[in-house]
Amino acid sequence: MIRAGALIDGKSDTPRHNVAIVVRGNRIESVSDAATARIPAGASVIDLSRATVLPGLIDSHTHIFLQGEDPAQGGYDANILKYPLALRAARATVAVRRALEQGFTTLRDLETEGAGYGDVGIKMAIEGGYIPGPRLRVVTRAISTTGGYALEGYAPELDMPKGAQLIDGPVEARKAAREQLGHGADWIKVYMTDRSWIGSHGELVSQPTLTVEELSAIVDEAHGWGRKVACHAYGGIGLRRALDGGCDSIEHGLDMQDEDIAQMIKQGTWYVPTLAIYYTDWSPDGTVEGERDRKRASLHAISFQKALKAGVKIVFGTDMGGMPWTEPIAQEFPLMVKLGMSPMDAIRSATSRAAAMLDMEGQIGVVAPGAFADIIAVSDDPLGDVKVLENVQFVMKDGSVFKNEVKGAAPPPPETRKHKK
Ligand SMILES: [Zn+2]
């Protein structure tokens, strides 16, 4: 039994005070007034009467197989070219533990970046009880087209490994989706744009990748399996194709026009903006890349605000892994609030609304009878300052309590720590 001073249940508009939450096994049995609650005999009591209790948080855009690769240490490419898969898997176990300790009890992990079906393995290890970690929804390899994904920039004579599965044509597209679904993908991830740059009129241009026909084949296949499709799309042609092809969620959506937003409303498309990642690691001001990085962030803010005003279903996502796992995951909350979302709505985007996107409504993202016992607590009021969610004090997943005690992710692999020759 948990005694909660305040309860933000993940669904309601206002918190409740002095609440008793009875947990039996891995489920919540009842939620009632502490004063009149019937406490089962022999129940152990967790006293959170001076804290605010919430459902376990959900990050719907992560990469547990990335570690915010430092270009000075070989960047993204070194992961694929130099690190054994076992090392990458070991570091992913640290990433999932860090997420859990910060109160994120569910992740939708959006591709392994060259680590194949490693996410399915990590998910099995968590579900088997071998390692601590959040509930995972995984996409495995992700899909893009020839010329549409790293590793890029090598001699054309070299046949380089790729961070995603590359397809050309609807037949290959459908085959890739079938392979990934067959090997355990819960969602399919598609890259609908790749490179981006500033065009001759100062606009952000994004290179489109799959055609509508290619994407439609994937969406048709995934929907047949009862699964959904997440589309990375910045804007322009690629974003329009993503919507015309029937994507279920738009990832990033840096540069969304009014027509795009209207189509998202009409189709019920989810929007996972991942704001924080676009505020990190800007190239220097005055450089071509620096100009692009600033343009991306400013357009992104406008797109987010337009989507919020129009009533698009906005879901919390961070792109963790793009940033090191040593960074606080909850840093996304204050950015959402700064752009006009209420703290309660921002919390819902990481609880009940994310649960709805993941087809787990009532199961996760809510403190209510019948839901999994994923429960967290913070000592201050997140509605006063949403930043306090960076300091989760209590974490329970499926009825088991975890401590937030490990600081920092795994150190970089030994070879990158050596002094430069
Ligand atoms: Zn991502």
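In listed order, ligands and their atoms are each counted from 1.
Relative ring orientation between Y76 and Y149 is described as perpendicular, the plane-to-plane angle rising above 60° on a 0-90° scale split at 30° and 60°.
The ring of F402 has its center no closer than 6.0 angstrom to the ring center of F394.
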Donor-acceptor pairs are to be reported for all side-chain atoms of residues 359-366 against protein atoms at under 3.5 Å, with residues two or more places apart or in another chain.
| unit_1 | atom_1 | unit_2 | atom_2 | d |
| --- | --- | --- | --- | --- |
| D359 | OD1 | K228 | NZ | 3.3 |
| Q363 | OE1 | R27 | NH1 | 3.3 |

Please tabulate, one pair per line, all N/O donor-acceptor pairs under 3.5 Å involving side-chain atoms of residues 179-187, not counting sequence neighbours.
| unit_1 | atom_1 | unit_2 | atom_2 | d |
| --- | --- | --- | --- | --- |
| E179 | OE1 | Q165 | NE2 | 2.9 |
| Q180 | NE2 | A142 | O | 3.4 |
| Q180 | NE2 | Q165 | OE1 | 2.8 |
| D186 | OD1 | K123 | NZ | 3.1 |
| D186 | OD2 | K123 | NZ | 3.0 |
| D186 | OD2 | V138 | N | 2.8 |

For a side-chain contact (heavy atoms from CB on, under 4.5 Å) check, start with the C-alpha distance between V31 and D9, then their side-chain angles and the critical distance, and finish with the verdict.
CA-CA 10 Å; V31 179; D9 69 7; over 6 Å; no
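Around the Zn ion (ligand 1), protein N, O or S atoms at less than 2.8 Å number 3.
Under the rule for a ring-ring contact (aromatic ring centres under 6.0 Å, His included), the partners of H300 that lie at least two apart in sequence or sit in another chain are Y278.
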